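Right, one structure below, let's go through it.
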Amino acid sequence: MIPIAKPVISEREKQMVLEVLELGELASGRKVAEFEEKFCRYAGHKFAVATSSGTTALHVALQACGIKFGDKVLTTPFSFIATANSLLFCGAQPVFCDIDENTFNISPDSIRYVLGREKGIKALLIVHLFGLACDMGEIEKIVEEYNLVLIEDCAQAHGATFNGRHVGTFGRAGIFSFYPTKNMTSSEGGIVLTGDERVYQEVLLLRNHGMTGDNDHAVLGYNFRMTNISAAIGIGQLERLDEFVAKRRENASYFNVHLKDLPGIRIPYVPSKNYVHSYNQYTLRVLDDREGFTRALREHGVGCKIYYPMTIPDQVFYKKLGFSGEVCPLARKVSSEVVSIPVHPALSERDLERIVESIGEYCRVSYKR
Ligand SMILES: *Cc1c(COP(=O)(O)O)cnc(C)c1O
């Protein structure tokens, strides 16, 4: 089976992990500091704080940006559940907008619509889903007009840019995940980017028990630290991130050429030249009988996955809290159509051909015009 995701680990990462093990400084230390500095430079921003996961990065980033109990925060219903969960961790109230059905990202029109009806919105948490930046031109206008705090979930978007600017540098804070299915990995891990020194200092405190001195603890903090072992992997991966993203984009171009005219499916949409899509996922829309499509692919040995089969407000736990996906009909529609296929840099030429052949065969037979 061609897997839907596969990390590419080289000798360099193995060597650096061994060095950390031999040195014995296993927990957080110099490797983490080096990784933070290098990631910061890569994205072209001021401050970075590495954490134990993307989820913990998001949690402390929101908290450091002042999101607290009772605050209303606009966000997307179509994402991994950790996005909205991190608002709940802060005691905040997610207010779900709808998405643009072409880009899969939060829709600026929907944001304006909700802002017009719901008073007292404090912040906006966006997700650059699958590696495509949100419409930052419109979003920056809205943020200014309504004086919102902007936080970016870039867990899937390392290497993605809008107007040449790296995602994660638009908001008061941006976070990335280094889980093994993302564009680069540190095993588990995450990072907060910010240009705001106060947010930076607060994230530092929250990450490490709120510790200010030897045994002084100024705030209620957590243990969300990254280990030096993870950071060593992350440093090696970061050196190859541009190469990984280029390969993802090459694979996506190949799919675009070979899948664009097939009946019954739509290839991912990229709005304009202002956007560099980093293709953490290559996500098709299958307009009819998605079940049959995924079954056929798997029978041909092509791993595929549905991100996401359900909107966040339609999840059992969110329904219990009184949320409903009725507020986001387009997200609901899209969640019934999407299928992601392998696009990762470990794919061989033969893999790419096999994926295209399998899809072509199925579509030509099943979705005859
Ligand atoms: C992966 C992911 C996260 C969480 O990252 P972890 O490192 O798995 O905790 C958050 N948001 C989105 C959109 C993600 O894809």
Side-chain angles (χ1 to χ4, degrees), residues 4-7 32 35 39 48-63 67 73-90 92 94 96-97 99 103-106 124-134 150-160 167-168 171 173-193 203 206-207 222-227 229-231 233-234 237-238 245 248 277-283 305-313 315 318 331 334-335 338 340 343-344:
I4 180 76
K6 187 173 181 213
V32 172
F35 180 51
F39 195 87
V49 184
T51 59
S52 53
S53 73
T55 306
T56 55
L58 195 48
H59 180 170
V60 290
L62 288 165
Q63 207 175 318
I67 306 305
V73 182
L74 296 177
T75 193
T76 176
F78 193 59
S79 179
F80 182 53
I81 196 161
T83 304
N85 280 356
S86 52
L87 291 170
L88 299 181
F89 296 152
C90 298
F96 294 102
C97 298
I99 61 169
T103 64
F104 308 137
N105 281 326
I106 194 165
L124 169 60
L125 169 58
I126 59 172
V127 179
H128 306 293
L129 201 70
F130 302 147
L132 178 67
C134 293
L150 177 66
I151 299 109
E152 300 174 73
D153 179 342
C154 317
Q156 305 181 0
H158 324 59
V167 296
I175 73 94
F176 293 80
S177 161
F178 305 116
Y179 188 72
T181 59
K182 313 291 183 179
N183 288 359
M184 60 170 281
T185 187
S186 66
S187 72
E188 294 275 6
I191 207 163
V192 180
L193 277 185
V203 171
L206 292 170
R207 174 178 68 172
Y222 311 93
N223 172 1
F224 285 169
R225 296 182 305 259
M226 179 180 269
T227 68
I229 301 170
S230 287
I233 302 171
Q237 290 270 299
L238 182 60
V245 170
R248 285 177 181 276
H277 198 317
S278 67
Y279 290 103
N280 181 240
Q281 298 296 342
Y282 187 91
T283 302
K305 233 179 143 177
I306 294 166
Y307 299 116
Y308 296 90
M310 203 191 283
T311 73
I312 295 175
Q315 295 273 351
Y318 277 80
V334 162
S335 66
V338 284
S340 298
V343 70
H344 54 80

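Note that ligands are numbered from 1 as they come in the structure, with each ligand's atoms numbered from 1 the same way. Note that the structure is predicted; figures quoted are calculated from it, not measured. Starting from 1, each residue takes its place in the sequence as its number.
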- Message: Whether the side chain of Asp153 engages the backbone of Thr83 through a donor-acceptor N/O pair (distance < 3.5 Å, no angle test) should be reported.
- Response: no
Considering the heavy atoms of [X], write down every atom of ligand 1 situated less than 4.0 Å from one of them.
| X | value |
| --- | --- |
| Ser79 | 13 (C) |
| Thr55 | 4 (C), 5 (O), 6 (P), 9 (O) |
| Gly54 | 5 (O), 6 (P), 7 (O), 9 (O) |
| Val127 | 13 (C) |
| Thr83 | 11 (N), 13 (C) |

- Does the N or O separation between Ser177 and ligand 1 drop below 3.5 Å for any pair? yes
- Non-hydrogen side-chain atoms of Leu87 and Thr75 separated by less than 4.5 Å: yes
- Message: What I'd like to find out is whether the side chain of Leu124 reaches to under 4.5 Å of the side chain of Ile106, using heavy atoms alone.
- Response: yes
- For Ser187 against Ile233, the heavy-atom pair lying closest together: CB-CD1, 4.4 Å
- Query: Of all heavy-atom pairs between Lys305 and Ile4, which one has the smallest distance, and what is that distance?
  - Reply: N-CD1, 4.0 Å
- Query: Taking the six-membered ring for Trp, are Phe80 and Tyr179 ring centroids under 6.0 Å apart?
  - Reply: no
- Residues in ring-ring contact (aromatic ring centres under 6.0 Å, His included) with Phe224, at least two apart? His59, Tyr222
- Item | Nearest-contact summary for atom 11 (N) of ligand 1 - protein heavy atom, Å | Asp153 OD2, 2.8 Å
- Task: Identify which of His128, Glu188, Gln281, Lys182 has a heavy atom lying nearest to atom 1 (C) of ligand 1.
- Result: Lys182
- Item | Closest to atom 12 (C) of ligand 1 (judged by heavy-atom distance), picking from Ser53, Ala155, Ala157 | Ala155
- Message: Below 4.0 Å from ligand 1: does a non-hydrogen atom of Gly190 turn up there or not?
- Response: no
